[in-house]
Amino acid sequence: QLQLVESGGGLVQPGGSLRLSCAASGYNLYNYAIGWFRQAPEKEREGVLGISRSGRTTNYADSVKGRFTISRDNAKVYLQMNSLEPEDTGIYYCAASFRIAPSVLEWEYDYWGQGTQVTVSS
């Protein structure tokens with residue numbers, strides 16, 4: 001069973017940056033497309049970004065284009081978040097899919113991490 005672990009969350013001021021990481025305990029991630037999702041308080045979880053197995057293709061939600069980027073190596077997937085806004089506050093989850101192409105759709109993912117809290121506040 002693939003177990004994903006997110007790290008790097010925390011409290012940051014508006015306009016600041018954070019870098020989240022997603023790793024798999026005991027596994028490499030190169031066989032999986034990976035997505036990042038977030039859930040704000042009292043809102044449904046939404047897809048943020050996805051990256052293909054190869055890392056050559058990505059898929060972004062409109063709300064984060066130009067501010068967030070996703071990248072990967074064999075061991076981890078990274079979510080670089082710049083120009084953070086209070087609306088970016090929430091629990092951020094990474095997920096792994098057996099599909100090749102990236103996706104921001106929840107039902108296309110097979111494994112999920114427990115999430116890491118990101119709070120954007122002054």
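These numbers come from a predicted model, not from an experiment.
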Enquirer: Regarding Ser121 and Thr119, is there a side-chain donor-to-acceptor distance under 3.5 Å anywhere?
Expert: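 No donor-acceptor contact under 3.5 Å links the two side chains.
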Enquirer: Identify the heavy atoms of Thr58 and Ile70 that sit nearest to each other, and give their distance.
Expert: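 Closest heavy-atom pair between Thr58 and Ile70: CG2-CG2, 3.6 Å.
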Enquirer: Roughly how far, to the nearest 0.5 Å, is the CD atom of Gln1 from the OG atom of Ser25?
Expert: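 Reported value, rounded in 0.5 Å steps: 11.5 Å.
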Enquirer: State, with a plain yes or no, whether a side-chain heavy atom of Leu49 is found less than 4.5 Å away from one of Phe68.
Expert: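 Leu49 reaches Phe68 side chain to side chain.
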Enquirer: Should Glu106 and Trp112 count as side-chain neighbours, where that means a heavy-atom distance under 4.5 Å?
Expert: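 Contact flag for Glu106/Trp112 side chains = yes.
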Enquirer: Any donor-acceptor pair under 3.5 Å linking the side chain of Glu6 with the backbone of Cys94?
Expert: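 At least one qualifying donor-acceptor pair exists.
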Enquirer: Hey, do the aromatic rings of Tyr27 and Tyr32 have their centres closer than 6.0 Å?
Expert: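 Distance test on ring centres: not under 6.0 Å, no.
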Enquirer: With a 3.5 Å cut-off and no angle check, do the side chains of Asp73 and Tyr78 form a donor-acceptor pair?
Expert: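 Distance-only check passes for Asp73 and Tyr78.
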Enquirer: Side-chain heavy atoms nearer than 4.5 Å, only ILVMFWY residues, links allowed to pass through others: does that put Val12 and Leu79 together?
Expert: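 Shared cluster, yes.
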Enquirer: Hey, what do you get for CD (Glu46) to CG (Leu105), rounding to the nearest 0.5 Å?
Expert: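 Reported value, rounded in 0.5 Å steps: 12.5 Å.
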Enquirer: Which atoms form the tightest heavy-atom contact between Lys76 and Ser21, and what is the distance?
Expert: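 Closest approach of Lys76 to Ser21, heavy atoms only: CD-CB, 4.4 Å.
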Enquirer: Between Gly47 and Ala61, what is the shortest heavy-atom contact and its length?
Expert: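 Heavy atoms of Gly47 and Ala61 come nearest at O-CB, 3.5 Å.
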Enquirer: At what distance, to the nearest 0.5 angstrom, does CG of Leu18 lie from CG of Asn82?
Expert: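 These two atoms lie 9.5 Å from each other.
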Enquirer: Report yes or no: do Tyr92 and Ile34 belong to one cluster of Ile/Leu/Val/Met/Phe/Trp/Tyr joined by side chain heavy-atom distances under 4.5 Å?
Expert: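 The answer is yes; both residues are in one hydrophobic cluster.
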Enquirer: Could you go step by step and tell me if Thr116 and Leu20 meet the side chain to side chain contact (heavy atoms under 4.5 Å, CB included) rule?
Expert: CA-CA 8 Å; Thr116 185; Leu20 307 183; 4.1 Å; yes
Enquirer: How long is the gap from SG on Cys22 to CH2 on Trp36, to the nearest 0.5 Å?
Expert: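 Cys22 atom SG to Trp36 atom CH2 measures 5.0 Å (nearest 0.5 Å).
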Enquirer: Would you find a donor on one side and an acceptor on the other, under 3.5 Å apart, between the side chain of Ser52 and the backbone of Thr57?
Expert: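 Side chain of Ser52 to backbone of Thr57, a donor-acceptor pair under 3.5 Å: yes, one is there.
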Enquirer: Salt-bridged, Arg99 to Asp110, with N to O below 4.0 Å?
Expert: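 Between Asp110 and Arg99 there is no salt bridge, as every charged N stays at least 4.0 Å from the carboxylate O atoms.
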Enquirer: For the CZ atom of Arg56 and the CZ atom of Arg72, what is their distance to the nearest 0.5 Å?
Expert: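 Interatomic distance, Arg56 CZ to Arg72 CZ, rounded to 0.5 Å: 11.0 Å.
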Enquirer: Between Ala75 and Asn28, what is the shortest heavy-atom contact and its length?
Expert: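 The answer is CA-OD1, 4.3 Å.
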Enquirer: Please walk me through it: do Met81 and Thr69 pass side chain to side chain contact (heavy atoms under 4.5 Å, CB included)?
Expert: CA-CA 7 Å; Met81 305 186 293; Thr69 56; over 6 Å; no
Enquirer: Between Pro14 and Pro86, is any pair of side-chain heavy atoms under 4.5 Å apart?
Expert: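 Sidechains of Pro86 and Pro14: in contact.
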Enquirer: Do Ser17 and Gln80 come within less than 4.5 Å of each other through their side chains, counting heavy atoms only?
Expert: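 Yes, their side chains come closer than 4.5 Å.
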Enquirer: Determine whether Leu84 and Gln13 make a side-chain contact, defined as any pair of heavy atoms from C-beta on separated by less than 4.5 Å.
Expert: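 Leu84 does not reach Gln13 side chain to side chain.
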Enquirer: Between Arg38 and Tyr93, is NZ or CZ placed under 6.0 angstrom from the six-membered ring centre and within 45° of the ring axis?
Expert: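 Not satisfied by the 6.0 Å and 45° rule.
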Enquirer: Under a 4.5 Å cut-off applied to non-hydrogen side-chain atoms, are Asp88 and Val118 in contact?
Expert: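 Asp88 vs Val118: side chains apart.
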Enquirer: Do Thr89 and Gln117 make a side-chain contact, defined as non-hydrogen atoms from C-beta onward lying under 4.5 Å apart?
Expert: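 Of all side-chain heavy-atom pairs linking Gln117 with Thr89, at least one is under 4.5 Å.
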Enquirer: In terms of hydrophobic clustering (I, L, V, M, F, W, Y; side-chain heavy atoms under 4.5 Å; direct or indirect links), are Val104 and Val48 co-clustered?
Expert: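 Per the 4.5 Å side-chain linkage, Val104 and Val48 are not co-clustered.
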Enquirer: Determine the minimum heavy-atom distance between Pro102 and Tyr109, stating which atoms define it.
Expert: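 Closest approach of Pro102 to Tyr109: C-OH, 4.5 Å.
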Enquirer: Counting distance only, does the side-chain N/O of Arg53 pair as donor-acceptor with the main-chain N or O of Phe98 below 3.5 Å?
Expert: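 Yes, the answer is positive, given that a donor and an acceptor are paired below the 3.5 Å cut-off.
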Enquirer: When you measure from the side chain of Arg67 to the backbone N and O of Ser83, does any donor-acceptor pair fall under 3.5 Å?
Expert: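 Yes, Arg67 side chain to Ser83 backbone: donor-acceptor pair under 3.5 Å.
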